[in-house]
Amino acid sequence: MKKLNLWTLRSNVWRTMNDEKQITCICCPRGCRVTAGLTPEFHAAGEACQRGREYAREELVSPKRTVTAVVRTDSPSRRYAPVKTDQPLEIRYIDALLRELYRVRISLPCRLGSAILTNVHGTGVNVVVTRSLSDE
Amino acid sequence: MQVCEYDILVVGAGAAGMAVALACRRRNLRAAVVEREEEPGGILLQCIHNGFGLQRFGEELTGPEYAERYLREVEGTEIDVFCGTTAVRLTGGDAFRSVVTYSAKYGVREFRVGAVILAVGCRERNRGNIGIPGTRPAGIFTAGLAQRLTNIDGYIPGSRVVIVGSGDIGLIMARRMTWLGAKVLGVVEIMPTCSGLLRNVVQCLEDFDIPLYLSHVVTRIEGAGRVRAVEVAPWRNGQADSRNAFRLECDTLLLSVGLIPEHELARDAGVGISPDTRGPFVDANLMTNIPGVFACGNGLHVHDVVDYVSEESERCGRAAADFVTGITDTVKQIPLHAGANVRYVLPGTIAAGRSNLLSLRSMVECEAARCTLHRGEVELATKTFRHVRPAEMIRWNISAEMTDDMSREETQPLDITIQCVADDE
């Protein structure tokens, strides 16, 4: 719990120090370059539509990404299984998650969609297997 | 040699092969699929990142998840899939089409079938194709090979990486390598624009502050046993500007410099190969110049997203099923050529009196572009597309009404052009 507060504090400091940020909107192929900041309140410029504005806000407040990776299995023939987060995860937790996945070992057979980690860092995000594999 | 008889033989059990086989099976045809690898699924299985299926299923799937949807469906039908089996010779003929296959498990076989569908996929271009000078050390991989090593076999190809080419596989591998703990020093692209999708530039490069060197080339590879460094130079007026060259110390070079449809099986059978797509020439039914031989997927032309491969393959399967069941196609087909600013257009003909879905690739980048279908000076159809880029394929459906009167006209060839109506920014 303490660790979590530290993270929040750090990201707040970071925010006030580098307030305005250049963000490329990926909502459509137009790819607007949006300049956005959070102080004194949220402001954005350069976006062509409301979606770009919302995207920029999200990218500033809590940017998230879907993480995909592979994890080791206990099988000698099928050594790795692909996995993903079932929802986008806040970017600041990604490194810790990848480190954790590096240590995970799952046993086969596994079913597509079955969870191997739940509630990553209290975010409600789970890591699930993305391929059914049997130990043949 | 064992002879096997089927209505349809599909070569390749990747995204295209599975979709086309299912489309044939839905018409109650006996279909077999031969696959060179030990399991079906194709390249999707190593594409563990997400972003597949948005068009087709309305949700974001990873490659293995997309493949599994089709694999389950194939397993639930009477389609015979022969893995570890390589098609080595294709011959056309009046009574049947013949494909000879080699396999450690099944031996040498001849498939005698009503129609052959080539769903063979594509191959990566490599160092030899782009001619990078220098030594020949270990540590040079195509991006797709590196992807297979990391995602299927679990090996990490290197720790300091330079990527040549800004295609999507290269961008995806930049993120993958970073997530595996490697340092990606940059992506070097000869063209002035990135050839990958925008969201990949943002999520695979910008997220990690990986530099994208546009209009740059790798001019030398250094290293004896292993890659030690590469020299990168700006590309100006068709040559490398060596005075402004710089060195990047790295141990790994990944090449993402384009894909070529694997056309040898077709070519050796006498199928005409397009110099623009490097895949077979096909008509409005996706049939090649050899009757009963069809092609779809990345073995026909390289697609941006798998969703379009699946759609095209289903269309191909329906056309092949029509051919086999003797539904004779009396529709008149008019030749279609790529005109100004169009790198290629597929298929090579338009069928009169029915709707035609065209796939075309632009040579220019602009905010809005007008595509026009001409017969000589006459404009037959026109449509404006937004955000046109060479990296993104344009799909244009020419409705049946538009082609209706073509059946009455003489068969003067048509051509298709792209014209920018508003420049970028």
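Letters A, B, ... are given to chains in the order of the sequence lines, protein chains preceding strands, and every chain is numbered from 1.
Heavy atoms closer than 4.5 Å to chain B are found in the side chain of I94(A), but not in its backbone. For R131(A), the parts lying near chain B are the backbone and the side chain together; criterion is any non-hydrogen pair under 4.5 Å. For chain A, the nearby part of R176(B) is the side chain; its heavy atoms alone come within less than 4.5 Å. Only the backbone of E60(B) comes within contact range of chain A, with heavy atoms under 4.5 Å apart. Using a 4.5 Å cut-off between heavy atoms, R72(B) touches chain A through its side chain atoms alone. The contact between E68(B) and chain A is made entirely by side chain atoms (from C-beta outward), counting heavy-atom distances below 4.5 Å.
Your options are L61(B), D207(B), I152(B), L197(B), and the one with the most heavy-atom pairs under 4.5 Å with chain A is D207(B). Most heavy-atom pairs under 4.5 Å with chain B: of the set V67(A), I91(A), I23(A), D95(A), this distinction falls to V67(A).
Of all residues in residues 74-89 of chain A, those placing a non-hydrogen atom less than 4.5 angstrom from a non-hydrogen atom of chain B are R78(A), R79(A), Y80(A), P82(A), K84(A). Residues of residues 98-107 of chain A that come closer than 4.5 Å to chain B, counting heavy atoms only, are L98(A), Y102(A), ordered by residue number.
Note that R57(A) lies in the cation-pi zone of F42(A), set by a 6.0 Å cut-off to the ring centre and a 45° limit from the axis.
Counting heavy atoms of neighbouring residues, nucleotides and ligands inside a 6.0 Å radius, atom CE of M363(B) exceeds 12 of them.
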C32(A) vs C25(A), disulfide (SG to SG under 2.5 Å): CA-CA, chis, key distance, verdict: CA-CA 5 Å; C32(A) 294; C25(A) 176; 5.9 Å; no

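Counting all heavy atoms, side chain and backbone alike, P157(B) lies closest to T150(B) at CD-CG2, 3.5 Å. Nearest approach of C371(B) to I418(B), heavy atoms of both residues: SG-CG1, 3.8 Å. Shown here for P64(B) and C47(B), the closest heavy-atom pair between the two residues is CD-O, 3.4 Å. Heavy-atom minimum distance, G165(B) versus V187(B): O-CG1, 3.5 Å. In plain terms, the two heavy atoms of P390(B) and V364(B) that are nearest each other are CD-O, 3.7 Å. Shown here for D307(B) and Y66(B), the closest heavy-atom pair between the two residues is CA-OH, 3.6 Å.
Using a 4.0 Å cut-off between charged nitrogen and carboxylate oxygen, D304(B) and R389(B) do not count as a salt-bridge pair. Taking a cutoff of 4.0 Å between a charged side-chain nitrogen and a carboxylate oxygen, E311(B) and R395(B) qualify as a salt bridge.
Annotation: F57(B) is not in aromatic contact with F52(B) [ring centroid separation under 6.0 Å not met].
When each of E90(A), E58(A), E59(A) is tested with R65(A) by the rule salt bridge (Lys or Arg N to Asp or Glu O under 4.0 Å), just one qualifies, namely E59(A).
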